[in-house]
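Just below is one structure, and these are the notes that go with it.
Naming: A, B, ... by sequence-line order, numbering from 1 per chain. Below, all heavy atoms of this structure are taken into account, side chains as well, without hydrogens, waters or symmetry copies.
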Amino acid sequence: MQIRKELEEILKEIGVKAPFIELEVPRVNSHGDISTPVAMMIARQVKKPPREIAEQISKHLCCLSAYERVEVAGPGFINIFFKPEYLYEQLKKLLISPEETLRMNIGNGQSIQIEFVSANPTGPLHLGHGRGAAVGAALSNLLEKAGYSVEREFYINDAGRQVWLLGESVFARYCETFGVDYPFPEEGYRGEYIKEIANELKEEVAEEYINRRYDEVAEFFIDYGVNRMLQWIRRDLEEFGVFFDRWQSEKTLYNEGIVQKCHEELRKKGYLYDKDGAVWFRATEFGDDKDRVVIKSDGSPTYFASDIAYHWYKLQRGFDQLVNIWGADHHGYIPRIKAVIKALGQSEEKLHILLVQMVNLLRAGRPVQMSKRAGEFITLREVIEEVGSDITKFIFLTRRPDSHLDFDIEVAKKESSENPVYYVQYAYARINSIFRNAEEELLKDLEKSDLTLLRQDEELTLIKKTLFYMIMFEGAVRELEPHRVTFYLQELAKLFHSFYTKHRVLGNKTELSRARLALCKAVFMVLREGLSILGVTAPEKM
RNA sequence: GCGCCUGUAGCUCAGUUGGACAGAGCGGAGGUCUCCGGAACCUCAGGUCGGAGGUUCGAAUCCUCUCAGGCGCACCA
């Protein structure tokens, strides 16, 4: 698939530079296999009517052997029809080297760090975290396959007030198990899991910490609580099929002097200043609404203090690009973090902040109330136990991240038995089943089979669809949109089921069967590749 | 009050840096199967793209205003 390159060259000959050449797969067959509006896009620049430019371009394209014909249509579309021979050739290429073909090298080894989930270690993960996890993991996989060197990182907020409260909550419950009265912190965490930790502690340390003041033993309780929470978080994520390369602790940023070093640098540049007994960051210099407090007048740092340092540290580590996946409730935070990046002398383009909208959890149309403090909520773990990981991920990945999402547990279970994930997985299982039924002889060296026997509409359509995976892939990478993969897979599965219903693979003349098996193999590889981006299993049987 | 996100078929959602008559799944109606897995396939019905202006060859997409829902506007995290 090198149409884009060819078009670029033609444009160069004509003396035009187009920033990005858009290729579309038209809905209507008569509009060609591939179509491009590029002539219309440059019409203004060249000051010629689009159709005239289109004619000129299409004349050049006509000479190339891959195309059967090239038409100019409508206001100036260039519609390209492939020669079947070209399709067979590309299909063969896919069969011979699936990895090289399906994994376009776009990133060229650039390093990119993706930070996601980063849930506070003060309670179990909920469904919103699950959405971030699914999106982050899929995006990571996508970029990795596109030739980026990806690091998946989880940032742990293990410093500050929230974990202080976690420790105190555990401490209170711990005292309680000995019948010792300690007032439960007003904003403490009231979930059952806190009691679980307290009971564990009772086993482990007996009454060692009884009758002490909390601030004397806080460190112990915080560490214990945080570690236990992280264990659970990690376990739940693993169960969900999401893994991280690195877990960065906020506390470590303090202990290793990273926060201090970063602040010194900013101070030197004049971007930190003192006012009213506090230390401020000059965010307004870089487009934020107001300057932001970094160290409060009581001497304690704000959350922002370490967040600045965290981003500084990421940049220090030399990534070419950074991606932060945040819950949409943090959107107000974007200008100040972008300001930090700029203050550190880096281009804000380096940092992509992807907002993932909130998830409303419903059961049969009725909202399920969620409140972490009160300890009433349904966890990610409970949802994946009831609904299943594949289904849950698939639901998250069939929506744009910034769309609001009502996740109805009952609907999720019902719908999935009738369609979305299983539909795609079923196509995969079907192909596997065909392979199981086929005689071994037939399956040998499929790339050498006579692909020109694939002449039926359904076959040609299916071949094109598998080849157009690359167009979808490129767009998904460019826009950081893994959900495009999900939609593509559904379309591919649909075309496969259609083909399967209409044409028999096995039991034909040997060569036709082999050609169709080859086609199945190609679909098989694309499905497997796509599902692996989504982190959804590709079952051989189901 | 200010800012961000969302509003597309009865429901859940896509719609490729503005492109050809607006798409899919579910639900509804009707059909397909002697055979590789029916968790399948095919057909039909169904939308003034929240509303009003504007920009242009061309708008679901961009701009302005407006309505509705969600979320933010701390020396909280």
Side-chain angles (χ1 to χ4, degrees), chain A residues 19-20 22-28 30-31 35-37 40-41 43-44 49-50 73-77 79 120 122 157 159-163 165 187 275-280 289-290 292-304 307 327-335 355 357-358 360 395 398-400 402-406 408 411 414-423 425-427 429-438 471-472 474-476 478-479 481 483-484 486-487 490-491 493-494 496-508 513 516-517 520 541-542:
Chain A
F20 177 75
E22 192 181 323
L23 298 178
E24 328 178 338
V25 181
R27 270 191 285 279
V28 194
S30 61
H31 292 161
S35 173
T36 175
M40 294 178 283
M41 291 169 78
R44 222 158 299 178
F77 287 99
N79 297 336
N120 273 342
T122 52
N157 292 115
R161 183 176 143 78
Q162 296 312 315
V163 289
L165 282 170
E187 291 173 86
K275 194 183 93 182
D276 304 332
V279 179
W280 298 70
D289 298 339
K290 40 185 138 180
R292 306 292 176 175
V293 170
V294 177
I295 310 287
K296 297 183 255 181
S297 51
D298 68 1
S300 62
T302 62
Y303 173 82
F304 188 47
D307 226 24
D329 51 341
H330 288 72
H331 70 260
Y333 217 70
I334 295 175
L355 295 178
Q357 277 292 349
M358 312 277 88
N360 275 322
I395 288 175
T398 27
R399 282 149 173 87
R400 287 198 334 278
D402 58 2
S403 66
H404 299 263
L405 170 56
D406 286 336
D408 191 311
V411 173
K414 178 170 168 293
E415 271 198 354
S416 57
S417 70
E418 289 160 19
N419 244 297
V421 207
Y422 292 155
Y423 187 77
Q425 289 181 324
Y426 183 54
R430 260 187 162 172
I431 294 173
N432 278 280
S433 170
I434 296 171
F435 290 160
R436 282 192 297 272
N437 288 330
I471 293 177
M472 177 284 298
E474 190 185 24
R478 186 181 66 240
E479 301 297 325
E481 289 184 347
H483 71 272
R484 295 192 191 196
T486 322
F487 283 91
Q490 293 185 71
E491 291 157 13
K494 165 140 192 146
F496 174 75
H497 288 310
S498 253
F499 156 77
Y500 177 92
T501 308
K502 199 145 173 205
H503 305 288
R504 272 196 71 84
V505 176
L506 303 177
N508 291 297
S513 279
R516 287 185 174 160
L517 280 167
C520 287
K541 293 181 185 175
M542 51 192 287

ask   = Should T302(A) and D307(A) count as side-chain neighbours, where that means a heavy-atom distance under 4.5 Å?
value = no
Main-chain N/O of V505(A) paired to S513(A) side chain as donor or acceptor, under 3.5 Å = yes
query = Within the structure, does a side-chain N or O atom of N437(A) lie under 4.0 Å from either OP1 or OP2 of G37(B)?
reply = yes
key: Gap in Å between the two C1' atoms, one belonging to G30(B) and one to A45(B), rounded   = 11 Å
Closest-nucleotide 5' rank along RNA chain B - winner of T36(A) and E481(A) = E481(A)
Separation between the C1' atoms of C49(B) and U43(B), rounded to whole Å = 26 Å
remark   = Rounded to whole Å, CE of M41(A) lies from C1' of G58(B) at a distance of 13 Å
Assigned partner base of C44(B), Watson-Crick or wobble definition, under 3.5 Å = G28(B)
ask   = Taking the P atom of each, how far is A60(B) from G18(B), in whole Å?
value = 13 Å
query = Can you list the residues that meet the side chain to side chain donor-acceptor pair (under 3.5 Å) rule with E24(A), with sequence neighbours excluded?
reply = none
query = Side chain of R504(A): nearest nucleotide among C36(B), A20(B), C41(B)?
reply = C36(B)
task = Under a 3.5 Å limit for both distances, which nucleotide forms a Watson-Crick or G-U wobble pair with G23(B), could you say?
result = C13(B)
query = Using the C1' atom in both, what is the distance from U61(B) to U6(B), to the nearest Å?
reply = 15 Å
task = With P as the reference atom in both, quote the distance from U16(B) to A52(B) in angstrom, rounded to an integer.
result = 23 Å
query = Taking the side chain of Y426(A) as its heavy atoms from C-beta onward, which of A20(B), G15(B), G37(B) lies nearest to it?
reply = G37(B)
ask   = When rounded to the nearest Å, what value does the distance between C1' atoms of G31(B) and A14(B) take?
value = 28 Å
query = Does C73(B) have a Watson-Crick or wobble mate here (both distances under 3.5 Å), and if so which one?
reply = G1(B)
inquiry  = Rounded to whole Å, please give me the gap between CD in Q425(A) and C1' in A40(B).
reply    = 15 Å
query = Is a salt bridge present between K494(A) and E491(A), judged by a nitrogen-to-oxygen distance below 4.0 Å?
reply = no
query = Within the structure, does a side-chain N or O atom of T501(A) lie under 4.0 Å from either OP1 or OP2 of C41(B)?
reply = no
request  = Using modelled atom types only, decide if a donor and an acceptor are shared between the side chain of W280(A) and the backbone of V294(A) within a distance under 3.5 Å.
outcome  = no
inquiry  = For S35(A), give me all partners under side-chain contact (heavy atoms from CB on, under 4.5 Å), at least two apart in sequence or on another chain.
reply    = P26(A), F77(A), N79(A)
query = To the nearest angstrom, how far is E24(A) atom CD from G18(B) atom P?
reply = 12 Å
inquiry  = Between P on C35(B) and NE2 on H503(A), what's the gap in Å once rounded to a whole number?
reply    = 18 Å
ask   = Contact class for A73(A) (heavy atom, under 4.0 Å): base, sugar-phosphate, or nothing?
value = base
ask   = Contact class for T398(A) (heavy atom, under 4.0 Å): base, sugar-phosphate, or nothing?
value = sugar-phosphate
ask   = Is the closest side-chain heavy-atom distance between N508(A) and R516(A) below 4.5 Å?
value = yes
message = If you compare every side-chain N and O of S513(A) against the phosphate oxygens of C36(B) (OP1, OP2), does one of them come in below 4.0 Å?
response = no
query = Choosing from C4(B), C13(B), A40(B), which nucleotide comes nearest the side chain of R399(A)?
reply = C13(B)
query = Considering only A39(B), A20(B), C5(B), which nucleotide approaches the side chain of Y422(A) most closely?
reply = A39(B)
query = Could you state the CD-C1' distance from E22(A) to U61(B), rounded to the nearest angstrom?
reply = 12 Å
query = When you compare U66(B) with G25(B), how far apart are their P atoms, in angstrom units rounded to a whole number?
reply = 39 Å
request  = For C73(B) versus A22(B), give the span between their C1' atoms, rounded off to a whole number of Å.
outcome  = 38 Å
inquiry  = Protein within reach of the bases, or only the backbone? For nucleotides 21-30 of chain B, mark each nucleotide 5' to 3' as B, S or -, using heavy atoms under 4.0 Å.
reply    = BSS-SSS---
ask   = Is there a Watson-Crick or G-U wobble partner for C36(B) with both distances under 3.5 Å, and which nucleotide is it?
value = none
message = Tell me if a side-chain donor or acceptor on H497(A) pairs with a main-chain N or O of Y423(A) at a distance below 3.5 Å.
response = yes
inquiry  = Considering every strand and a 4.0 Å limit on heavy-atom distances, what is the contact class for M472(A): base, sugar-phosphate, or nothing?
reply    = nothing
inquiry  = Can you measure M40(A) atom CE to G18(B) atom P for me and round it to whole angstrom units?
reply    = 13 Å
note = Of Y500(A) and H483(A), the one whose nearest nucleotide on RNA chain B sits closer to the 5' end is H483(A)
message = Tell me whether D298(A) is salt-bridged to K296(A), with the criterion being a basic N under 4.0 Å from an acidic carboxylate O.
response = no
Base-pairing assignment for U56(B) (Watson-Crick or G-U wobble, both under 3.5 Å) = none
note = Each nucleotide of nucleotides 70-77 of chain B classed B (base within 4.0 Å of a protein heavy atom), S (only sugar-phosphate) or -, in 5' to 3' order, makes BBS-SBSB
Aromatic ring pairing H330(A)/Y333(A), orientation class (parallel under 30°, perpendicular over 60°, tilted between) = perpendicular
ask   = Does a nitrogen or oxygen in the side chain of R436(A) sit under 4.0 Å from OP1 or OP2 of C36(B)?
value = no
query = Short question: side chain of H331(A), backbone of A328(A) - any donor-acceptor pair under 3.5 Å?
reply = yes
remark   = With sequence neighbours left out, the residues meeting ring-ring contact (aromatic ring centres under 6.0 Å, His included) with F487(A) are none
ask   = Below 3.5 Å, does any donor atom in the side chain of S35(A) face an acceptor in the base of A20(B), or the other way round?
value = yes
remark   = Scanning all shown strands, the Watson-Crick or wobble mate of A68(B) with both distances under 3.5 Å is U6(B)
query = Hey, does A429(A) reach any base, or is it just sugar-phosphate, or nothing, if we go heavy atoms under 4.0 Å?
reply = base
query = Roughly how many Å is it from CD1 in I431(A) to C1' in A39(B), rounded to a whole number?
reply = 15 Å
request  = Output the single nucleotide from G15(B), C41(B), C36(B) whose closest atom is nearest the side chain of S498(A).
outcome  = C41(B)
query = Rounded to whole angstrom units, what separation is found between the CG atom of D406(A) and the P atom of G7(B)?
reply = 13 Å
task = Go through the structure and list residues passing ring-ring contact (aromatic ring centres under 6.0 Å, His included) with Y422(A), not counting sequence neighbours.
result = none
